[in-house]
Amino acid sequence: MSAIATPTAGAAAPEVVVDVRGADKVFANGTRALLPVDLAIRAGEFVTLLGPSGCGKSTLLKMIANLLTPSSGQLGWWRGGFDHVGEPGKKLVMVFQDATLMPWARVQRNVRLPLDLAGVPRAGADARVADALALVGLTGFETNYPRQLSGGMQMRVSIARALVTEPNLLLMDEPFGALDEITRNKLDADIIQLWWKKKLTVVFVTHSIYEAIFLSTRIVVMAARPGRVLKEVAIDEPHPRTEAFRVTQRFAAYAKELSELLAEASAKGATDL
Amino acid sequence: MNERLMKWAAPIGVGLVVLILWHVLVKAFDVPKFLVPGPLVVLDALIADWGLLFNSLLVTLKITFGAFLLAVVIGTIVAFLFVQSRWVEMSLFPYAVLLQVTPIVAIAPLIIIWVKQPTLALTVCATIIALFPIISNTILGLRSVNPGLINLFRMNKATRWQTLTQLRIPSAAPYFFGGLRISSGLALIGAVVAEFVAGTGGTGAGLAYQILQAGYQINIPRLFAALLMITVTGVLLFLLMVFLSRLALASWHESEVVHET
Ligand SMILES: Nc1ncnc2c1ncn2[C@@H]1O[C@H](COP(=O)(O)OP(=O)(O)O)[C@@H](O)[C@H]1O
Ligand SMILES: [Mg+2]
(Lines give C-alpha, C1' and ligand atoms only; values in the text may rest on other atoms or scores of the structure.)
(Ligands and ions follow the chains in the order given, each with its own letter.)
Protein backbone atom coordinates (compact mmCIF):
# COMPACT_ATOMS: atom_id res chain seq x y z
CA MET A 1 0.00 0.00 0.00
CA SER A 2 1.82 3.07 -1.17
CA ALA A 3 1.04 6.47 0.20
CA ILE A 4 0.12 9.10 -2.30
CA ALA A 5 1.48 12.58 -1.74
CA THR A 6 -1.38 14.71 -0.50
CA PRO A 7 -2.40 17.53 -2.84
CA THR A 8 -2.67 20.68 -0.77
CA ALA A 9 -6.06 22.12 -1.62
CA GLY A 10 -5.93 25.03 0.80
CA ALA A 11 -3.53 26.23 3.39
CA ALA A 12 -5.58 24.97 6.34
CA ALA A 13 -7.13 21.88 4.74
CA PRO A 14 -6.65 18.82 6.97
CA GLU A 15 -4.48 16.04 5.63
CA VAL A 16 -5.96 13.54 3.22
CA VAL A 17 -6.43 10.28 5.02
CA VAL A 18 -7.56 8.17 2.11
CA ASP A 19 -7.24 9.13 -1.52
CA VAL A 20 -9.25 7.11 -4.01
CA ARG A 21 -8.17 7.81 -7.58
CA GLY A 22 -10.12 6.32 -10.41
CA ALA A 23 -10.55 3.06 -8.55
CA ASP A 24 -13.12 0.70 -10.05
CA LYS A 25 -14.05 -2.91 -9.50
CA VAL A 26 -15.01 -5.70 -11.83
CA PHE A 27 -15.38 -9.00 -9.98
CA ALA A 28 -13.96 -12.23 -11.29
CA ASN A 29 -17.45 -13.32 -12.39
CA GLY A 30 -17.74 -10.25 -14.59
CA THR A 31 -19.94 -8.18 -12.28
CA ARG A 32 -19.14 -4.53 -12.79
CA ALA A 33 -19.63 -3.51 -9.18
CA LEU A 34 -18.21 -0.01 -9.35
CA LEU A 35 -17.31 2.51 -12.07
CA PRO A 36 -14.15 4.54 -11.41
CA VAL A 37 -14.43 6.58 -8.22
CA ASP A 38 -12.51 9.67 -7.20
CA LEU A 39 -12.80 10.50 -3.56
CA ALA A 40 -10.56 12.15 -1.00
CA ILE A 41 -11.32 11.72 2.67
CA ARG A 42 -9.76 14.25 4.97
CA ALA A 43 -8.92 13.92 8.64
CA GLY A 44 -11.85 14.69 10.88
CA GLU A 45 -14.54 14.13 8.28
CA PHE A 46 -17.62 12.00 8.75
CA VAL A 47 -18.26 10.74 5.23
CA THR A 48 -21.28 8.61 4.44
CA LEU A 49 -21.68 6.42 1.39
CA LEU A 50 -25.42 6.51 0.64
CA GLY A 51 -27.25 4.50 -1.98
CA PRO A 52 -29.57 1.60 -2.73
CA SER A 53 -28.37 -1.92 -2.15
CA GLY A 54 -26.07 -3.21 -4.88
CA CYS A 55 -24.63 0.20 -5.71
CA GLY A 56 -21.15 -0.81 -4.58
CA LYS A 57 -21.01 0.81 -1.14
CA SER A 58 -19.49 -2.23 0.52
CA THR A 59 -17.14 -2.73 -2.40
CA LEU A 60 -15.84 0.82 -2.09
CA LEU A 61 -15.55 0.56 1.68
CA LYS A 62 -13.63 -2.72 1.42
CA MET A 63 -11.23 -1.12 -1.03
CA ILE A 64 -10.72 1.72 1.45
CA ALA A 65 -10.03 -0.92 4.12
CA ASN A 66 -7.56 -2.58 1.77
CA LEU A 67 -9.56 -5.81 1.96
CA LEU A 68 -10.18 -5.61 -1.76
CA THR A 69 -7.93 -4.31 -4.52
CA PRO A 70 -9.34 -2.12 -7.30
CA SER A 71 -9.41 -3.56 -10.82
CA SER A 72 -7.81 -0.36 -12.05
CA GLY A 73 -6.99 3.00 -10.55
CA GLN A 74 -5.42 3.23 -7.16
CA LEU A 75 -5.83 4.13 -3.54
CA GLY A 76 -3.47 5.88 -1.20
CA TRP A 77 -3.51 6.14 2.54
CA TRP A 78 -1.67 8.44 4.90
CA ARG A 79 1.86 9.21 4.03
CA GLY A 80 3.66 6.08 5.16
CA GLY A 81 0.62 3.87 4.87
CA PHE A 82 -1.43 2.43 7.67
CA ASP A 83 -1.67 -0.46 10.00
CA HIS A 84 -4.88 -2.11 11.09
CA VAL A 85 -3.76 -2.48 14.67
CA GLY A 86 -0.66 -3.16 16.63
CA GLU A 87 2.57 -1.36 15.82
CA PRO A 88 2.71 2.42 16.08
CA GLY A 89 1.42 4.41 13.15
CA LYS A 90 -1.93 5.22 11.62
CA LYS A 91 -4.68 2.78 12.36
CA LEU A 92 -7.69 1.82 10.37
CA VAL A 93 -10.44 -0.37 11.74
CA MET A 94 -13.69 -1.71 10.36
CA VAL A 95 -17.05 -2.42 11.99
CA PHE A 96 -19.30 -4.85 10.15
CA GLN A 97 -23.06 -5.04 9.80
CA ASP A 98 -23.22 -7.95 12.22
CA ALA A 99 -21.60 -7.51 15.58
CA THR A 100 -19.41 -10.57 14.73
CA LEU A 101 -18.58 -11.33 18.32
CA MET A 102 -17.05 -14.56 19.54
CA PRO A 103 -20.00 -16.26 21.26
CA TRP A 104 -17.71 -18.24 23.57
CA ALA A 105 -15.96 -15.18 24.93
CA ARG A 106 -17.22 -12.67 27.46
CA VAL A 107 -17.58 -9.00 26.52
CA GLN A 108 -14.24 -8.22 28.13
CA ARG A 109 -12.35 -10.72 25.99
CA ASN A 110 -14.25 -9.83 22.85
CA VAL A 111 -13.25 -6.20 23.16
CA ARG A 112 -9.68 -7.10 24.08
CA LEU A 113 -9.26 -9.34 21.04
CA PRO A 114 -7.38 -6.89 18.78
CA LEU A 115 -4.97 -6.14 21.61
CA ASP A 116 -4.51 -9.83 22.41
CA LEU A 117 -3.75 -10.58 18.80
CA ALA A 118 -1.25 -7.74 18.68
CA GLY A 119 0.44 -9.02 21.82
CA VAL A 120 -0.37 -6.04 24.05
CA PRO A 121 0.38 -7.00 27.68
CA ARG A 122 -2.70 -7.92 29.67
CA ALA A 123 -2.64 -5.18 32.30
CA GLY A 124 -2.41 -2.30 29.85
CA ALA A 125 -4.93 -3.97 27.57
CA ASP A 126 -7.51 -4.34 30.33
CA ALA A 127 -7.31 -0.65 31.14
CA ARG A 128 -7.91 0.21 27.49
CA VAL A 129 -10.83 -2.21 27.33
CA ALA A 130 -12.39 -0.49 30.34
CA ASP A 131 -12.02 2.89 28.60
CA ALA A 132 -13.54 1.60 25.37
CA LEU A 133 -16.48 0.03 27.18
CA ALA A 134 -17.06 3.27 29.06
CA LEU A 135 -17.14 5.14 25.74
CA VAL A 136 -19.98 2.97 24.42
CA GLY A 137 -21.79 2.92 27.77
CA LEU A 138 -21.23 -0.73 28.57
CA THR A 139 -19.35 -0.44 31.83
CA GLY A 140 -20.55 -3.25 34.07
CA PHE A 141 -21.20 -5.72 31.27
CA GLU A 142 -17.63 -7.04 31.09
CA THR A 143 -18.51 -10.54 32.23
CA ASN A 144 -21.60 -11.01 30.08
CA TYR A 145 -21.67 -13.33 27.14
CA PRO A 146 -22.84 -11.86 23.81
CA ARG A 147 -26.06 -13.90 23.81
CA GLN A 148 -27.04 -12.20 27.06
CA LEU A 149 -27.06 -8.81 25.33
CA SER A 150 -29.59 -7.16 23.03
CA GLY A 151 -28.75 -6.54 19.38
CA GLY A 152 -28.00 -2.89 20.10
CA MET A 153 -25.69 -3.76 22.98
CA GLN A 154 -23.88 -6.35 20.87
CA MET A 155 -23.27 -3.64 18.29
CA ARG A 156 -21.86 -1.42 21.04
CA VAL A 157 -19.46 -4.19 22.00
CA SER A 158 -18.41 -4.39 18.38
CA ILE A 159 -17.79 -0.64 18.33
CA ALA A 160 -15.87 -0.82 21.60
CA ARG A 161 -13.68 -3.51 20.03
CA ALA A 162 -12.95 -1.09 17.19
CA LEU A 163 -12.28 1.86 19.52
CA VAL A 164 -9.94 -0.10 21.77
CA THR A 165 -7.34 0.03 19.00
CA GLU A 166 -7.55 3.84 19.09
CA PRO A 167 -8.09 4.05 15.34
CA ASN A 168 -7.43 7.10 13.20
CA LEU A 169 -9.94 5.95 10.63
CA LEU A 170 -13.13 4.10 11.50
CA LEU A 171 -14.99 2.32 8.71
CA MET A 172 -18.55 1.14 9.32
CA ASP A 173 -20.63 -0.91 6.88
CA GLU A 174 -24.34 -0.47 7.70
CA PRO A 175 -23.52 -1.06 11.34
CA PHE A 176 -27.04 -0.43 12.58
CA GLY A 177 -28.91 -1.83 9.59
CA ALA A 178 -30.20 -4.83 11.53
CA LEU A 179 -31.51 -2.80 14.46
CA ASP A 180 -34.92 -1.25 15.07
CA GLU A 181 -35.29 2.44 14.35
CA ILE A 182 -35.38 3.59 17.96
CA THR A 183 -32.20 1.73 18.86
CA ARG A 184 -30.61 2.89 15.64
CA ASN A 185 -31.32 6.56 16.37
CA LYS A 186 -29.84 6.18 19.83
CA LEU A 187 -26.68 4.58 18.46
CA ASP A 188 -26.45 7.24 15.74
CA ALA A 189 -26.51 9.93 18.40
CA ASP A 190 -23.82 8.08 20.35
CA ILE A 191 -21.56 7.49 17.38
CA ILE A 192 -21.68 11.13 16.31
CA GLN A 193 -20.75 12.14 19.86
CA LEU A 194 -17.88 9.69 19.87
CA TRP A 195 -16.65 10.99 16.54
CA TRP A 196 -16.77 14.53 17.91
CA LYS A 197 -15.14 13.70 21.21
CA LYS A 198 -12.38 11.45 19.86
CA LYS A 199 -11.70 13.51 16.72
CA LEU A 200 -12.13 10.43 14.58
CA THR A 201 -12.33 10.17 10.84
CA VAL A 202 -15.29 8.02 9.86
CA VAL A 203 -16.48 6.47 6.62
CA PHE A 204 -19.99 5.17 7.18
CA VAL A 205 -22.18 3.11 4.85
CA THR A 206 -25.96 3.30 4.97
CA HIS A 207 -29.02 3.15 2.75
CA SER A 208 -30.98 5.41 5.06
CA ILE A 209 -31.19 9.01 3.87
CA TYR A 210 -32.08 10.22 7.37
CA GLU A 211 -29.24 8.43 9.05
CA ALA A 212 -26.84 9.88 6.47
CA ILE A 213 -28.03 13.45 6.97
CA PHE A 214 -27.97 13.22 10.73
CA LEU A 215 -24.43 11.87 10.87
CA SER A 216 -22.43 13.23 7.99
CA THR A 217 -20.29 16.17 7.24
CA ARG A 218 -20.38 14.96 3.65
CA ILE A 219 -22.57 12.45 1.83
CA VAL A 220 -21.35 10.52 -1.19
CA VAL A 221 -24.52 9.64 -3.11
CA MET A 222 -24.27 6.46 -5.14
CA ALA A 223 -26.45 4.67 -7.69
CA ALA A 224 -26.70 1.08 -8.84
CA ARG A 225 -26.51 -0.74 -12.17
CA PRO A 226 -23.75 0.05 -12.66
CA GLY A 227 -22.50 1.04 -9.21
CA ARG A 228 -21.19 4.59 -9.32
CA VAL A 229 -20.88 7.88 -7.45
CA LEU A 230 -23.58 10.37 -8.45
CA LYS A 231 -22.74 13.38 -6.40
CA GLU A 232 -21.29 14.63 -3.16
CA VAL A 233 -23.47 16.63 -0.82
CA ALA A 234 -21.98 18.56 2.09
CA ILE A 235 -24.15 18.79 5.20
CA ASP A 236 -23.40 22.22 6.64
CA GLU A 237 -24.78 21.77 10.09
CA PRO A 238 -22.71 22.58 13.14
CA HIS A 239 -21.64 19.98 15.68
CA PRO A 240 -22.38 18.63 18.17
CA ARG A 241 -25.73 17.77 16.64
CA THR A 242 -28.70 16.72 18.71
CA GLU A 243 -32.01 14.99 18.02
CA ALA A 244 -33.49 18.44 17.47
CA PHE A 245 -31.70 18.57 14.10
CA ARG A 246 -33.93 15.79 12.81
CA VAL A 247 -37.04 17.97 12.92
CA THR A 248 -35.64 21.16 11.40
CA GLN A 249 -36.47 22.69 8.03
CA ARG A 250 -32.85 22.28 6.97
CA PHE A 251 -32.98 18.55 7.65
CA ALA A 252 -36.15 18.23 5.57
CA ALA A 253 -34.57 20.21 2.73
CA TYR A 254 -31.55 17.87 2.67
CA ALA A 255 -33.85 14.86 2.73
CA LYS A 256 -35.81 16.24 -0.24
CA GLU A 257 -32.68 16.94 -2.24
CA LEU A 258 -31.22 13.51 -1.61
CA SER A 259 -34.36 11.50 -2.23
CA GLU A 260 -34.95 13.34 -5.51
CA LEU A 261 -31.38 12.63 -6.51
CA LEU A 262 -31.73 8.93 -5.73
CA ALA A 263 -35.16 8.61 -7.34
CA GLU A 264 -33.97 10.30 -10.51
CA ALA A 265 -30.96 8.02 -10.77
CA SER A 266 -32.95 4.85 -10.27
CA ALA A 267 -35.61 5.97 -12.80
CA LYS A 268 -32.90 6.68 -15.35
CA GLY A 269 -31.15 3.41 -14.63
CA ALA A 270 -34.38 1.52 -15.25
CA THR A 271 -34.94 3.06 -18.71
CA ASP A 272 -31.27 3.04 -19.73
CA LEU A 273 -30.65 -0.62 -19.11
CA MET B 1 -45.05 -28.03 35.47
CA ASN B 2 -41.38 -28.12 36.30
CA GLU B 3 -39.70 -29.01 33.03
CA ARG B 4 -36.39 -30.09 34.52
CA LEU B 5 -38.13 -32.53 36.84
CA MET B 6 -40.21 -33.88 33.96
CA LYS B 7 -37.08 -34.43 31.90
CA TRP B 8 -36.02 -37.09 34.36
CA ALA B 9 -39.37 -38.23 35.72
CA ALA B 10 -41.01 -38.90 32.35
CA PRO B 11 -38.51 -41.43 30.94
CA ILE B 12 -38.13 -43.11 34.33
CA GLY B 13 -41.91 -43.39 34.55
CA VAL B 14 -42.06 -44.99 31.10
CA GLY B 15 -39.32 -47.42 32.15
CA LEU B 16 -41.22 -48.43 35.29
CA VAL B 17 -44.44 -48.97 33.36
CA VAL B 18 -42.63 -51.20 30.86
CA LEU B 19 -41.00 -53.19 33.67
CA ILE B 20 -44.32 -53.72 35.44
CA LEU B 21 -46.03 -54.65 32.18
CA TRP B 22 -43.20 -57.07 31.40
CA HIS B 23 -43.52 -58.66 34.82
CA VAL B 24 -47.31 -58.91 34.66
CA LEU B 25 -47.37 -60.35 31.13
CA VAL B 26 -44.69 -62.95 31.84
CA LYS B 27 -46.60 -64.00 34.96
CA ALA B 28 -50.02 -63.92 33.30
CA PHE B 29 -49.05 -66.06 30.31
CA ASP B 30 -46.71 -68.17 32.37
CA VAL B 31 -43.86 -67.70 29.88
CA PRO B 32 -41.00 -70.12 30.66
CA LYS B 33 -37.88 -68.32 31.81
CA PHE B 34 -35.70 -69.90 29.09
CA LEU B 35 -37.79 -67.92 26.60
CA VAL B 36 -38.44 -64.63 28.32
CA PRO B 37 -37.42 -64.28 31.94
CA GLY B 38 -39.32 -61.74 34.03
CA PRO B 39 -37.50 -58.67 35.35
CA LEU B 40 -37.15 -60.14 38.83
CA VAL B 41 -35.55 -63.31 37.45
CA VAL B 42 -33.07 -61.17 35.52
CA LEU B 43 -32.29 -59.27 38.69
CA ASP B 44 -31.70 -62.58 40.47
CA ALA B 45 -29.28 -63.68 37.74
CA LEU B 46 -27.52 -60.34 37.90
CA ILE B 47 -26.94 -60.74 41.64
CA ALA B 48 -26.04 -64.42 41.48
CA ASP B 49 -23.58 -64.02 38.58
CA TRP B 50 -22.33 -60.60 39.62
CA GLY B 51 -18.69 -61.62 40.04
CA LEU B 52 -18.53 -63.23 36.62
CA LEU B 53 -20.47 -60.52 34.82
CA PHE B 54 -18.68 -57.65 36.52
CA ASN B 55 -15.28 -58.98 35.46
CA SER B 56 -16.57 -59.22 31.89
CA LEU B 57 -17.94 -55.72 32.13
CA LEU B 58 -14.48 -54.47 33.10
CA VAL B 59 -12.98 -56.13 30.04
CA THR B 60 -15.60 -54.60 27.75
CA LEU B 61 -15.17 -51.21 29.41
CA LYS B 62 -11.42 -51.39 28.97
CA ILE B 63 -11.85 -52.03 25.25
CA THR B 64 -14.55 -49.37 24.94
CA PHE B 65 -12.58 -46.62 26.64
CA GLY B 66 -9.35 -47.62 24.93
CA ALA B 67 -11.05 -47.47 21.55
CA PHE B 68 -12.85 -44.24 22.38
CA LEU B 69 -9.67 -42.50 23.48
CA LEU B 70 -7.80 -43.74 20.43
CA ALA B 71 -10.63 -42.59 18.18
CA VAL B 72 -10.64 -39.13 19.79
CA VAL B 73 -6.88 -38.71 19.51
CA ILE B 74 -6.55 -40.10 15.99
CA GLY B 75 -9.79 -38.49 14.78
CA THR B 76 -8.79 -35.07 16.05
CA ILE B 77 -5.32 -35.27 14.58
CA VAL B 78 -6.68 -36.44 11.22
CA ALA B 79 -9.28 -33.66 11.23
CA PHE B 80 -6.60 -31.04 11.93
CA LEU B 81 -4.44 -32.40 9.14
CA PHE B 82 -7.37 -32.42 6.74
CA VAL B 83 -8.29 -28.79 7.31
CA GLN B 84 -4.74 -27.64 6.70
CA SER B 85 -5.40 -27.76 3.00
CA ARG B 86 -8.25 -28.50 0.63
CA TRP B 87 -5.94 -30.77 -1.33
CA VAL B 88 -5.18 -33.00 1.60
CA GLU B 89 -8.87 -33.26 2.40
CA MET B 90 -9.91 -33.86 -1.19
CA SER B 91 -7.41 -36.64 -1.67
CA LEU B 92 -7.84 -38.37 1.68
CA PHE B 93 -11.45 -37.86 2.72
CA PRO B 94 -12.81 -40.58 0.40
CA TYR B 95 -10.62 -43.08 2.24
CA ALA B 96 -11.98 -41.96 5.57
CA VAL B 97 -15.43 -42.63 4.13
CA LEU B 98 -14.22 -46.03 2.93
CA LEU B 99 -13.30 -46.79 6.52
CA GLN B 100 -16.78 -45.78 7.56
CA VAL B 101 -18.74 -47.83 5.04
CA THR B 102 -16.73 -51.06 5.30
CA PRO B 103 -18.64 -53.37 7.67
CA ILE B 104 -16.41 -54.06 10.64
CA VAL B 105 -17.75 -57.61 10.78
CA ALA B 106 -16.07 -58.21 7.45
CA ILE B 107 -12.62 -56.96 8.41
CA ALA B 108 -12.56 -57.94 12.07
CA PRO B 109 -11.31 -61.51 11.41
CA LEU B 110 -8.38 -60.05 9.47
CA ILE B 111 -7.49 -57.67 12.24
CA ILE B 112 -7.72 -60.45 14.79
CA ILE B 113 -5.27 -62.47 12.71
CA TRP B 114 -2.91 -59.55 12.21
CA VAL B 115 -2.94 -58.22 15.73
CA LYS B 116 -1.89 -61.14 17.87
CA GLN B 117 -2.80 -59.67 21.25
CA PRO B 118 -6.60 -60.27 21.56
CA THR B 119 -7.59 -57.25 23.66
CA LEU B 120 -5.60 -54.98 21.38
CA ALA B 121 -7.21 -56.54 18.30
CA LEU B 122 -10.69 -55.88 19.69
CA THR B 123 -9.68 -52.34 20.60
CA VAL B 124 -8.50 -51.71 17.05
CA CYS B 125 -11.83 -52.93 15.64
CA ALA B 126 -13.82 -50.74 18.01
CA THR B 127 -11.59 -47.77 17.20
CA ILE B 128 -12.29 -48.12 13.49
CA ILE B 129 -16.01 -48.01 14.21
CA ALA B 130 -15.78 -45.03 16.56
CA LEU B 131 -13.39 -42.98 14.47
CA PHE B 132 -15.48 -41.51 11.68
CA PRO B 133 -17.90 -39.26 13.63
CA ILE B 134 -14.95 -37.61 15.35
CA ILE B 135 -13.20 -36.94 12.04
CA SER B 136 -16.23 -35.67 10.16
CA ASN B 137 -17.66 -33.60 13.01
CA THR B 138 -14.34 -32.01 13.89
CA ILE B 139 -13.66 -31.15 10.26
CA LEU B 140 -17.13 -29.66 9.94
CA GLY B 141 -16.53 -27.67 13.11
CA LEU B 142 -13.10 -26.40 12.12
CA ARG B 143 -14.58 -25.29 8.82
CA SER B 144 -17.76 -23.65 10.05
CA VAL B 145 -16.19 -20.52 11.39
CA ASN B 146 -18.16 -17.29 11.11
CA PRO B 147 -16.67 -15.62 7.98
CA GLY B 148 -16.99 -12.22 9.63
CA LEU B 149 -14.75 -13.40 12.45
CA ILE B 150 -12.24 -14.76 9.96
CA ASN B 151 -12.18 -11.33 8.33
CA LEU B 152 -11.72 -9.70 11.71
CA PHE B 153 -8.80 -11.96 12.60
CA ARG B 154 -7.25 -11.33 9.21
CA MET B 155 -7.59 -7.56 9.57
CA ASN B 156 -5.87 -7.84 12.91
CA LYS B 157 -3.02 -9.76 11.32
CA ALA B 158 -3.64 -12.83 13.44
CA THR B 159 -1.09 -15.57 12.94
CA ARG B 160 -2.15 -19.02 11.76
CA TRP B 161 -1.64 -20.29 15.27
CA GLN B 162 -3.74 -17.53 16.85
CA THR B 163 -6.52 -18.15 14.36
CA LEU B 164 -6.43 -21.85 15.12
CA THR B 165 -6.41 -21.62 18.90
CA GLN B 166 -8.58 -18.57 19.40
CA LEU B 167 -11.03 -18.98 16.55
CA ARG B 168 -11.16 -22.38 14.87
CA ILE B 169 -10.93 -24.57 17.92
CA PRO B 170 -13.60 -22.75 19.95
CA SER B 171 -15.85 -22.66 16.86
CA ALA B 172 -15.38 -26.39 16.41
CA ALA B 173 -16.06 -27.29 20.04
CA PRO B 174 -19.85 -27.81 19.75
CA TYR B 175 -19.37 -30.06 16.71
CA PHE B 176 -16.57 -31.94 18.40
CA PHE B 177 -18.73 -32.69 21.41
CA GLY B 178 -21.52 -33.84 19.09
CA GLY B 179 -18.98 -36.22 17.59
CA LEU B 180 -18.00 -37.46 21.06
CA ARG B 181 -21.60 -38.38 21.82
CA ILE B 182 -21.98 -40.51 18.73
CA SER B 183 -18.50 -41.93 18.93
CA SER B 184 -18.72 -43.05 22.57
CA GLY B 185 -21.77 -45.16 21.77
CA LEU B 186 -20.09 -46.59 18.70
CA ALA B 187 -17.00 -47.51 20.72
CA LEU B 188 -19.17 -49.64 23.01
CA ILE B 189 -21.00 -51.21 20.06
CA GLY B 190 -17.64 -51.82 18.41
CA ALA B 191 -16.24 -53.50 21.52
CA VAL B 192 -19.24 -55.85 21.71
CA VAL B 193 -19.48 -56.59 17.99
CA ALA B 194 -15.76 -57.26 17.67
CA GLU B 195 -15.91 -59.71 20.49
CA PHE B 196 -18.83 -61.49 18.86
CA VAL B 197 -16.84 -61.81 15.66
CA ALA B 198 -13.77 -63.02 17.52
CA GLY B 199 -16.10 -65.57 19.05
CA THR B 200 -15.17 -67.96 21.80
CA GLY B 201 -11.72 -68.14 20.28
CA GLY B 202 -11.01 -64.64 21.58
CA THR B 203 -9.91 -63.67 25.04
CA GLY B 204 -13.21 -64.97 26.26
CA ALA B 205 -13.77 -62.39 28.90
CA GLY B 206 -16.01 -59.58 27.71
CA LEU B 207 -19.76 -59.20 27.97
CA ALA B 208 -20.28 -60.38 24.39
CA TYR B 209 -18.57 -63.63 25.31
CA GLN B 210 -20.89 -64.01 28.30
CA ILE B 211 -23.90 -63.47 26.04
CA LEU B 212 -22.63 -66.09 23.58
CA GLN B 213 -21.93 -68.56 26.38
CA ALA B 214 -25.26 -67.94 28.06
CA GLY B 215 -26.92 -68.52 24.69
CA TYR B 216 -25.20 -71.87 24.20
CA GLN B 217 -26.15 -72.91 27.72
CA ILE B 218 -29.68 -71.57 27.28
CA ASN B 219 -29.08 -69.53 30.42
CA ILE B 220 -31.44 -66.82 29.25
CA PRO B 221 -31.64 -64.89 32.54
CA ARG B 222 -27.87 -64.45 32.50
CA LEU B 223 -28.03 -63.42 28.86
CA PHE B 224 -30.56 -60.76 29.78
CA ALA B 225 -28.43 -59.66 32.72
CA ALA B 226 -25.39 -59.21 30.46
CA LEU B 227 -27.52 -57.37 27.93
CA LEU B 228 -28.79 -55.11 30.68
CA MET B 229 -25.21 -54.29 31.67
CA ILE B 230 -24.32 -53.30 28.13
CA THR B 231 -27.40 -51.11 27.83
CA VAL B 232 -26.83 -49.40 31.15
CA THR B 233 -23.18 -48.83 30.24
CA GLY B 234 -24.25 -47.26 26.95
CA VAL B 235 -26.68 -44.93 28.69
CA LEU B 236 -24.12 -43.94 31.33
CA LEU B 237 -21.55 -43.28 28.63
CA PHE B 238 -24.01 -41.08 26.80
CA LEU B 239 -24.84 -39.17 29.97
CA LEU B 240 -21.14 -38.71 30.67
CA MET B 241 -20.72 -37.14 27.23
CA VAL B 242 -23.73 -34.90 27.76
CA PHE B 243 -22.22 -33.84 31.05
CA LEU B 244 -18.82 -33.11 29.53
CA SER B 245 -20.36 -31.17 26.69
CA ARG B 246 -22.46 -29.15 29.12
CA LEU B 247 -19.41 -28.46 31.24
CA ALA B 248 -17.52 -27.12 28.24
CA LEU B 249 -20.27 -25.26 26.40
CA ALA B 250 -22.97 -24.40 28.91
CA SER B 251 -21.93 -20.80 29.31
CA TRP B 252 -22.31 -19.87 25.67
CA HIS B 253 -23.59 -22.41 23.18
CA GLU B 254 -27.25 -22.51 22.11
CA SER B 255 -27.51 -26.27 22.39
CA GLU B 256 -26.51 -26.27 26.04
CA VAL B 257 -28.01 -23.04 27.25
CA VAL B 258 -30.92 -23.52 29.63
CA HIS B 259 -33.59 -21.21 28.28
CA GLU B 260 -35.76 -19.54 30.83
CA THR B 261 -39.37 -19.45 29.74
N1 LIG C 1 -17.37 -11.05 -4.27
C2 LIG C 1 -18.22 -10.67 -5.25
N3 LIG C 1 -18.26 -11.32 -6.43
C4 LIG C 1 -19.10 -10.94 -7.41
N5 LIG C 1 -19.97 -9.92 -7.32
C6 LIG C 1 -19.99 -9.22 -6.16
C7 LIG C 1 -19.14 -9.57 -5.06
N8 LIG C 1 -19.38 -8.71 -4.05
C9 LIG C 1 -20.35 -7.89 -4.49
N10 LIG C 1 -20.72 -8.18 -5.76
C11 LIG C 1 -21.70 -7.46 -6.58
O12 LIG C 1 -21.27 -6.14 -6.73
C13 LIG C 1 -22.34 -5.24 -6.64
C14 LIG C 1 -22.10 -4.26 -5.53
O15 LIG C 1 -22.11 -4.95 -4.30
P16 LIG C 1 -21.92 -4.25 -2.88
O17 LIG C 1 -20.70 -3.43 -2.92
O18 LIG C 1 -22.01 -5.29 -1.85
O19 LIG C 1 -23.20 -3.31 -2.83
P20 LIG C 1 -23.88 -2.60 -1.58
O21 LIG C 1 -22.98 -2.76 -0.40
O22 LIG C 1 -24.05 -1.19 -1.99
O23 LIG C 1 -25.19 -3.25 -1.38
C24 LIG C 1 -23.58 -6.09 -6.45
O25 LIG C 1 -24.20 -6.27 -7.69
C26 LIG C 1 -23.05 -7.38 -5.91
O27 LIG C 1 -23.87 -8.44 -6.28
MG1 LIG D 1 -23.31 -3.71 1.48
Side-chain angles (χ1 to χ4, degrees), chain A residues 1 58 61-62 64-68 82-87 89 91-107 109-120 125 143-149 154-155 157-159 161-162 164-165 167 169-171 173-175 178, chain B residues 76 79-80 83 86 137-138 140-181 241-261:
Chain A
M1 70 205 89
S58 297
L61 196 72
K62 280 181 196 153
I64 292 173
N66 201 25
L67 289 173
L68 211 61
F82 74 93
D83 194 2
H84 284 295
V85 71
E87 303 99 65
K91 280 167 203 127
L92 174 159
V93 61
M94 183 142 165
V95 173
F96 301 94
Q97 174 159 11
D98 304 308
T100 46
L101 302 175
M102 301 180 290
W104 57 84
R106 296 170 195 274
V107 166
R109 238 191 85 204
N110 264 296
V111 174
R112 207 180 53 216
L113 179 75
L115 304 179
D116 284 347
L117 292 177
V120 177
T143 57
N144 284 76
Y145 283 95
R147 61 170 186 84
Q148 297 169 313
L149 305 177
Q154 292 185 11
M155 212 54 229
V157 176
S158 185
I159 294 168
R161 182 179 60 195
V164 83
T165 63
L169 176 60
L170 178 61
L171 308 179
D173 193 350
E174 302 195 36
Chain B
T76 311
F80 273 88
V83 296
R86 283 265 171 216
N137 272 40
T138 310
L140 187 65
L142 289 171
R143 286 224 187 285
S144 31
V145 180
N146 178 342
L149 281 172
I150 291 187
N151 243 332
L152 181 77
F153 271 64
R154 196 173 298 153
M155 284 189 77
N156 283 292
K157 300 208 178 93
T159 61
R160 228 180 140 87
W161 177 250
Q162 284 175 322
T163 308
L164 182 71
T165 54
Q166 296 185 47
L167 182 59
R168 289 200 189 276
I169 290 179
S171 302
Y175 297 84
F176 173 74
F177 280 103
L180 282 195
R181 261 183 226 198
M241 292 308 124
V242 171
F243 173 74
L244 281 181
S245 144
R246 191 153 298 171
L247 209 62
L249 308 176
S251 51
W252 65 274
H253 197 255
E254 293 299 335
S255 68
E256 300 295 356
V257 169
V258 181
H259 290 280
E260 287 126 51
T261 40

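Every chain is numbered from 1, with letters handed out A, B, ... down the list of sequences.
- Of all non-hydrogen atoms in Trp104(A) and Pro170(B), the two that sit nearest each other are CE2-CB, 3.2 Å.
- Both the backbone and the side chain of Ser171(B) come within contact range of chain A, each with at least one heavy atom under 4.5 Å from a heavy atom of that chain.
- Residue contact with chain B, scored on non-hydrogen atoms closer than 4.5 Å, is absent for Arg106(A).
- A side chain to side chain donor-acceptor pair (under 3.5 Å) check over residues 140-152 of chain B, counting only residues at least two apart or in different chains, returns the pairs Glu89(B)-Arg143(B), Ser144(B)-Tyr175(B).
- Met155(B) places a side-chain heavy atom less than 4.5 Å from the side chain of Leu92(A).
- The heavy-atom pair separating Thr100(A) from Gly148(B) by the smallest distance is CG2-CA, 3.7 Å.
- The CG atom of Leu117(A) sits 9.5 Å away from the CG atom of Leu167(B) when rounded to the nearest 0.5 Å.
- Contact check for Gln166(B) versus Leu113(A): side-chain heavy atoms found under the 4.5 Å cut-off.
- For Thr159(B), the side-chain contact (heavy atoms from CB on, under 4.5 Å) partners at least two apart in sequence or on another chain are Trp161(B), Gln162(B).
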